[in-house]
Amino acid sequence: MTAYRVLFVEKTPAESPMAALLDWAALGYSLTGTVASEKQALAVIETERPDVVVTELALAEGSGLSLIRRAKAAAADTAFVILAPEGHFEAAQEAITLGVSAFLTRPEDPAVLRRTFVQLHQTLQQRNVQAANWTALQQFYKQSLPVMQASFYAALIDGQIDRSSLHTYQRDYQIDLPGPYYTVLVVHTSTKQLPAGADPMLVRTQVLEKSRTFFATLWSAAAFSYLGNTVLVVQLGNTAAGRTLTDDADRFCQEVKAQLEAYVTVGVGTVVADPLDLPQAYRSARTAVSYRSLYGSGKVINMKELVPEERDDFSPVADTALAALLKQIHLGPATAIEGAVATYLAYLETTATGMNQHTVVVNELISSLYRFAANNRLRVAGLTDNLKGLYQSLPENSPASLHQWLSATSLALHRQLAAARDTTSTTMMREAKAYVRAHYQEEELGLKDICAALGVSSSYFSTLFKRETGVSFITYLTDFRMNLAARLLLETTEKSQVIGHLCGYADPNYFSLVFKKHFGDSPTAYRGGAVAMMH
């Protein structure tokens with residue numbers, strides 16, 4: 001039990017000392033001492049800060065009420081108990097206004113006194129628990145504030161904050177946005193140009209911390225992580241400050257390269273005059289970052305200054321360059337493939353000088369390589385496994401990364417194509433039959449599913465399958481299911497609709513129809529006939 005310190009203020013303590021009336025330690029109190037005057041009491045309260053002060057109404061010097069009024073300023077958390085003779089109604093009223101914990105009469109009744117201080121101990125315990133909870137809540141708020149601020153900025157650049165709630169968020173999250181102008185920086189860290197063995201997540205975290213320390217000394221900026229990039233919301237004194245910010249961002253790229261051995265691209269967004277227009281600044285900064293595929297990584301790109309105008313006479317990269325690349329993938333050797341890759345990318349660099357043009361050409365390249373892989377039954381990780389993601393990410397790769405990807409993909413296609421020439425159509429048939437055995441219970445299983453699994457076109461697979469097996473794929477699948485159903489009818493006691501479901505037919509009527517067409521009898525008749533023959 002917590003022991004609370006008690007100070008007694010008594011005019012004549014020797015006649016009836018409060019310290020001797022109760023077992024204070026048993027009640028959870030420790031005695032600070034006894035004084036007789038208001039002045040003495042104030043001195044002890046100021047230095048010792050007792051938890052409870054028990055004072056007589058009339059003191060040797062001063063009064064208990066005066067003491068309480070003066071002591072409240074120095075020790076607001078101290079509890080006060082007044083002792084007074086009966087009949088002091090006005091003093092009791094004033095004591096209530098002063099917030100005393102108890103008003104007792106003398107001579108003291110030990111039972112009343114004991115009950116009063118037991119209740120007071122409980123009150124002090126509750127107050128301390130509440131104070132501890134409040135302290136913990138304040139500490140949690142302080143610890144959570146950076147996370148809440150980052151969430152606010154993310155919502156702000158994403159257009160999720162409206163004007164009616166902006167001020168409330170700023171007040172609650174302690175955010176100041178005086179402006180008068182704003183912009184956004186997007187810092188993209190290349191994961192393909194890292195030191196050997198470096199952890200990409202760790203490097204991105206280091207870049208985030210570096211951006212905070214670097215820009216905080218130069219600008220009013222808030223840095224946070226958003227969608228895999230470091231994002232900074234920067235406040236500017238005037239519109240011309242954007243040029244200075246661009247120069248600082250360029251120095252930041254150089255420092256990151258020198259200190260962290262990492263390559264970052266910084267996109268500088270448009271300058272806006274309203275914080276609610278920051279989504280526009282963010283979108284332009286992200287677009288600027290995407291231009292690293294043209295300018296390379298490790299530098300700053302300002303949409304206003306560096307993005308070229310699109311050419312009106314644009315035409316895609318010549319088919320001859322792509323055809324030459326595909327030819328070398330077919331024939332090899334590796335050196336010829338590397339040469340074809342370099343030639344193709346040289347055409348790309350000179351033909352597509354704007355981002356829109358560059359994206360069109362790269363997406364055409366992806367489509368051509370995917371068709372090549374599908375038509376030749378090839379599967380290359382990063383090409384055939386995630387086509388949608390490739391369309392989104394590859395056009396934004398740096399020139400070096402694009403060259404690396406195209407070279408690696410072309411060589412992988414060449415190796416697989418060479419290996420595929422040594423296989424026979426029997427291999428594909430074995431894979432197709434294994435796929436049927438693994439998926440025959442799926443009601444929607446069809447030609448498109450198995451072709452997608454094998455990575456071939458429907459027309460090629462259908463022709464090859466019928467040539468090898470003598471039947472179409474659908475006929476083979478139906479025969480497989482029917483033969484399995486017939487076996488289950490003879491070997492188990494399951495109902496025919498259950499067996500139909502196990503064989504890939506959710507509709508029992510359709511199962512019976514197909515079964516009868518295949519065997520000439522319904523499932524029930526087929527089972528019954530087999531049982532009759534056994535007897």
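Any value given below was found using the heavy atoms of this structure, including those in side chains, with hydrogens, waters and symmetry copies removed.
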Below 4.5 Å, heavy atoms only, C-beta onward: do [X] and [Y] meet side chain to side chain?
{"X": "Leu232", "Y": "Phe214", "value": "no"}
{"X": "Arg49", "Y": "Thr78", "value": "no"}
{"X": "Val266", "Y": "Ile301", "value": "no"}
{"X": "Tyr153", "Y": "Ile175", "value": "yes"}
{"X": "Leu185", "Y": "Val231", "value": "no"}
{"X": "Gln170", "Y": "Leu177", "value": "yes"}
{"X": "Pro279", "Y": "Asp158", "value": "no"}
{"X": "Val300", "Y": "Gln254", "value": "no"}

Donor-acceptor check, side chain of [X] to backbone of [Y], threshold 3.5 angstrom: yes or no?
{"X": "Ser410", "Y": "Ile337", "value": "no"}
{"X": "Thr183", "Y": "Gly269", "value": "yes"}
{"X": "Ser407", "Y": "Gln404", "value": "no"}
{"X": "Thr230", "Y": "Val187", "value": "no"}
{"X": "Tyr226", "Y": "Ala150", "value": "no"}
{"X": "Tyr29", "Y": "Phe117", "value": "yes"}
{"X": "Ser284", "Y": "Ala281", "value": "yes"}

Next item on the list: Could you check whether the rings of Phe215 and Phe252 sit parallel, tilted or perpendicular, using 30° and 60° as the cut-offs?
Entry: tilted
Write down the atom of [X], the atom of [Y], and the distance for their closest heavy-atom approach.
{"X": "Val380", "Y": "Thr409", "value": "CG1-CG2, 4.5 Å"}
{"X": "Gly237", "Y": "Pro180", "value": "O-CG, 3.6 Å"}
{"X": "Pro50", "Y": "Thr32", "value": "CB-OG1, 4.2 Å"}
{"X": "Ala288", "Y": "Gly267", "value": "CB-CA, 3.8 Å"}
{"X": "Leu145", "Y": "Asp172", "value": "CD1-O, 4.3 Å"}
{"X": "His414", "Y": "Gln328", "value": "ND1-O, 4.2 Å"}

Note to self: Show me the pairs that pass salt bridge (charged side-chain N to carboxylate O under 4.0 Å, His left out) and involve residues 260-287, at least two apart or across chains.
What the structure shows: Arg163-Asp274
Compile the donor-acceptor pairs under 3.5 Å between side chains in residues 194-205 and protein atoms, sequence neighbours left out, one pair per line.
from: Asp199; atom 1: OD1; to: Met201; atom 2: N; distance (Å): 3.0
from: Thr205; atom 1: OG1; to: Met201; atom 2: O; distance (Å): 2.9

At what distance, to the nearest 0.5 angstrom, does [atom1] of [X] lie from [atom2] of [Y]?
{"X": "Cys253", "Y": "Tyr263", "atom1": "SG", "atom2": "OH", "result": "12.0 Å"}
{"X": "Gln174", "Y": "Met148", "atom1": "CD", "atom2": "CE", "result": "8.0 Å"}
{"X": "Ile329", "Y": "Leu325", "atom1": "CD1", "atom2": "CG", "result": "4.0 Å"}
{"X": "Tyr182", "Y": "Leu276", "atom1": "OH", "atom2": "CG", "result": "9.0 Å"}
{"X": "Lys257", "Y": "Leu260", "atom1": "NZ", "atom2": "CG", "result": "13.0 Å"}
{"X": "Phe80", "Y": "Thr55", "atom1": "CZ", "atom2": "OG1", "result": "8.5 Å"}

Assess the side chains of [X] and [Y]: does a donor N or O sit below 3.5 Å from an acceptor N or O?
{"X": "Gln40", "Y": "Ser37", "value": "yes"}
{"X": "Glu442", "Y": "His439", "value": "yes"}
{"X": "Asp247", "Y": "Thr244", "value": "no"}

Next item on the list: Scan residues 63-72 for pairs that pass side chain to side chain donor-acceptor pair (under 3.5 Å), counting only residues two or more places apart or in two chains.
Entry: Glu38-Ser66, Glu38-Arg70, Arg69-Glu94
Note to self: Show me the pairs that pass side chain to side chain donor-acceptor pair (under 3.5 Å) and involve residues 213-224, at least two apart or across chains.
What the structure shows: Trp219-Asp248, Ser220-Gln235
Next item on the list: Could you tell me which residues satisfy side-chain hydrogen bond (donor to acceptor under 3.5 Å, both in side chains) with Asn128, sequence neighbours excluded, listed by chain and number?
Entry: Tyr4
Item checked: Worked check of side-chain contact (heavy atoms from CB on, under 4.5 Å) between Val52 and Leu120 -> CA-CA 9 Å; Val52 182; Leu120 179 57; 3.8 Å; yes
Margin query: For the OH atom on Tyr169, are there more than 12 heavy atoms of other groups (residues, nucleotides or ligands in this structure) within a distance under 6.0 Å?
Written below: no
Notebook entry, point to check: Considering residues, nucleotides and ligands other than Glu209, do more than 12 of their heavy atoms fall under 6.0 Å from its CD?
Noted result: yes
Check: Residues in side-chain contact (heavy atoms from CB on, under 4.5 Å) with Ser30, at least two apart?
Finding: Arg5
Checklist line | side-chain contact (heavy atoms from CB on, under 4.5 Å) evaluation trace for Leu27 with His121 | finding: CA-CA 8 Å; Leu27 295 177; His121 192 279; over 6 Å; no
Check: Step by step, would you call Val54 with Leu7 a side-chain contact (heavy atoms from CB on, under 4.5 Å)?
Finding: CA-CA 6 Å; Val54 182; Leu7 171 68; over 6 Å; no
Checklist line | side-chain contact (heavy atoms from CB on, under 4.5 Å) evaluation trace for Leu113 with Leu22 | finding: CA-CA 8 Å; Leu113 197 61; Leu22 296 174; 3.8 Å; yes
